[in-house]
Amino acid sequence: MEKAIKKYVDNNVIYTNQFAVIAFVVMIAFKISMLPSYMYETVGRDSWIIIGILLVLEAVMFMVALYVTKRINLLADDSKWLYVIHAIIYGYTMIRLVVLYSGLITYTSNSLFDQGRIDFIIIAFAIVIPYIVSRGGNTIARLFEIIFYFLAAILIVMVLTPSFKWDLSELTPIFGGNNGKLINGFTDYAVWFGDYVLLFYFTVKPRQNKFFSKASVPVALIFSIIGVVIFYVAFIAVYGEAGSLVHYAFNRMSVFNTISELLGATNFLSILVWMIMSFLQITLMFWTATNALMCIIKSKTIAIAFNILFVSFVEWFWVLKLENAHNFAIGAVKYFILACQIALPIALIIYAKIRSKEEV
């Protein structure tokens, strides 16, 4: 068993540019689906500013994650102090996984099928995801890397062929609504942020081209921030006060005005982009949860089996109402998520510095 775990640990080493691609995708995927509607309902037209601030903070944390993953290997380090970190990461990831996975399942069931069977969709995902997770982080990183170019081509086509009309006056006045819930925009939707925590179990090494290695992550993060903020600006400018009623924003933004100003047609490019990004991110979450549990119980097989069965069971009996996931996400659990997003990077930076001193 120890040999199997050691081999698995070796399969979680990735290059800096792969880290950059993962960061780019996960910063976008679930922030352009249900979140625009939720945020508009809370903070109105200022949601594009709130999302921009949150993304900048998240980008800083991604750089922290890069720093940590270049210096320590959480999977290979058996320090007793890390058991607490593993347990916290596990709880953090499972909470986010349950909430965001419900969005992928319900979209697949309700939007892609006339009468989608949620149980069959859950079973289909439950067969594929464990296999990918069992192959290790290197396989997941390669999937992100390979599919990135496919996604980039589709995104370019969609940007060059917009099908919506917008009114930028919907963005004004900025902070002019005396919105008493403005602070909620920074706290209520914590579950949709903090994807840098998912990358702590990677071990990152640079390629021979040092400049490319150093520049790839910041460039990817900048493009993610700009892309998401522009998306929110367009979303508000198109839908205005109706923004809170528009679910799965990525699809509605791509179909608006295709037939008329009221009706749209399914845009398969937007579906392809989001389905691929969201599926990869959910797989990454399962991989993180598996690693955290594996480091505690010392069995990769049991960790994979338990996680997929537990999450599938919860989704099977709970996902029938997406409001359940939303209400759970903005409830008291958001404070635990926020605390983890702040405390985990700080704790791991301190641990990385301690370990580096011990090795000297």
Side-chain angles (χ1 to χ4, degrees), residues 5-6 8-24 26-27 53-93 96 136-138 140-141 190 193-222 224-225 284-285 287-296 298 335-360:
I5 291 179
K6 184 180 183 303
Y8 177 77
V9 170
D10 294 337
N11 289 337
N12 291 283
V13 179
I14 65 173
Y15 291 108
T16 309
N17 63 297
Q18 292 176 314
F19 184 100
V21 170
I22 295 172
F24 174 82
V26 299
M27 279 189 71
I53 295 172
L54 289 171
L55 286 173
V56 170
L57 295 175
E58 188 168 50
V60 172
M61 291 301 189
F62 268 104
M63 297 305 296
V64 171
L66 180 61
Y67 173 88
V68 171
T69 53
K70 283 184 175 180
R71 287 160 178 80
I72 59 175
N73 186 331
L74 291 182
L75 293 176
D77 196 328
D78 199 32
S79 170
K80 62 180 181 179
W81 299 107
L82 285 181
Y83 280 75
V84 177
I85 298 293
H86 295 314
I88 294 174
I89 292 178
Y90 182 71
Y92 171 87
T93 306
R96 295 190 68 230
N138 185 268
I140 295 175
F193 294 86
D195 292 302
Y196 47 85
V197 175
L198 305 179
L199 278 61
F200 281 128
Y201 286 109
F202 284 114
T203 299
V204 178
K205 63 179 181 179
R207 288 190 183 275
Q208 292 182 348
N209 189 326
K210 293 183 178 180
F211 174 79
F212 181 75
S213 293
K214 290 182 178 180
S216 60
V217 177
V219 169
L221 295 173
I222 290 171
S224 294
I225 294 171
L284 181 64
M285 287 183 175
W287 173 80
T288 303
T290 294
N291 289 333
L293 186 59
M294 181 190 72
C295 289
I296 297 173
K298 306 302 181 184
Y335 298 110
F336 171 75
I337 297 296
L338 279 170
C340 291
Q341 291 171 356
I342 297 171
L344 283 171
I346 295 174
L348 288 172
I349 284 180
I350 295 173
Y351 184 77
K353 288 187 175 296
I354 292 173
R355 294 296 287 176
S356 62
K357 290 181 180 179
E358 291 177 350
E359 293 173 359
V360 174

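It should be emphasised that the depicted structure is a prediction, and the values quoted were computed from it without experimental measurement.
- Partners of A289 under the side chain to side chain contact (heavy atoms under 4.5 Å, CB included) rule, at least two apart in sequence or in another chain, are Y90, T93, M94, N307.
- Panel note: side chain N138, backbone V13; a donor-acceptor pair is recorded below 3.5 Å.
- Not counting sequence neighbours, the partners of F24 by the ring-ring contact (aromatic ring centres under 6.0 Å, His included) test are F148.
- Inter-residue side-chain proximity for M27 and F62 is flagged as met; some heavy-atom pair is nearer than 4.5 Å.
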**Message:** If you apply the rule side-chain contact (heavy atoms from CB on, under 4.5 Å), what do you find for I85 with L348, and how did you get there?
**Reply:** CA-CA 8 Å; I85 298 293; L348 288 172; 4.1 Å; yes

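- Y67 pairs by the side-chain hydrogen bond (donor to acceptor under 3.5 Å, both in side chains) definition with K353, not counting sequence neighbours.
- Residue pairs satisfying the salt bridge (Lys or Arg N to Asp or Glu O under 4.0 Å) criterion with at least one member in residues 53-66, sequence neighbours excluded, are listed as follows: K31-E58.
- Residues V197 and T288 are not in side-chain contact: their nearest non-hydrogen atoms beyond the backbone lie 4.5 Å or more apart.
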**Request:** Might you work through the side-chain contact (heavy atoms from CB on, under 4.5 Å) test for T203 and N12, ending with a clear yes or no?
**Result:** CA-CA 6 Å; T203 299; N12 291 283; 5.8 Å; no

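- When the shell of 6.0 Å around OH of Y335 is examined, it contains 12 or fewer heavy atoms from other residues, nucleotides or ligands.
- Residues Y351 and S79 form a side-chain contact, since some pair of their non-hydrogen atoms from C-beta on lies under 4.5 Å apart.
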**Message:** Is there a side-chain contact (heavy atoms from CB on, under 4.5 Å) between L284 and L199? Walk through the geometry before answering.
**Reply:** CA-CA 9 Å; L284 181 64; L199 278 61; 4.0 Å; yes

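- K205 has its side chain out of reach of T16: every pair of non-hydrogen atoms, C-beta onward, lies at least 4.5 Å apart.
- Remark: Y201 engages H86 in a ring-ring contact (aromatic ring centres under 6.0 Å, His included) (not counting sequence neighbours).
- By the side chain to side chain contact (heavy atoms under 4.5 Å, CB included) test, T69 pairs with F19, L66, V204, sequence neighbours left out.
- Y15 is linked by a side-chain hydrogen bond (donor to acceptor under 3.5 Å, both in side chains) to nothing, counting only residues two or more places apart in sequence or in another chain.
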Would you list the atom pairs, donor with acceptor, under 3.5 Å between side chains in residues 339-346 and any protein atom, with sequence neighbours excluded?
residue	atom	partner	partner atom	Å
Q341	NE2	Y92	OH	3.3
Q341	NE2	A190	O	2.9
Q341	NE2	F193	O	3.0

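- Taking each heavy atom of A23 and S224 in turn, the nearest pair found is O-OG, 4.3 Å.
- Distance check, rounded to the nearest 0.5 Å: CD1 of I349 to CZ of R71 gives 9.5 Å.
- Judged purely by atom type and a 3.5 angstrom limit, N291 uses its side chain to pair as donor or acceptor with the backbone of W287.
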**Prompt:** So D195 and M285, side-chain contact (heavy atoms from CB on, under 4.5 Å) or not? Walk me through it.
**Reply:** CA-CA 9 Å; D195 292 302; M285 287 183 175; 4.0 Å; yes

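- The minimum heavy-atom distance between I89 and A292, with the atom names listed, is CG2-CB, 4.3 Å.
- Counted by atom type alone, S216 and N17 present zero donor-acceptor pairs between their side chains at under 3.5 Å.
- Separating the CD1 atom in I225 from the CD1 atom in I53 is a distance of 11.5 Å, to the nearest 0.5 Å.
- Counting only heavy atoms from C-beta outward, the side chains of L75 and M294 approach each other to under 4.5 Å.
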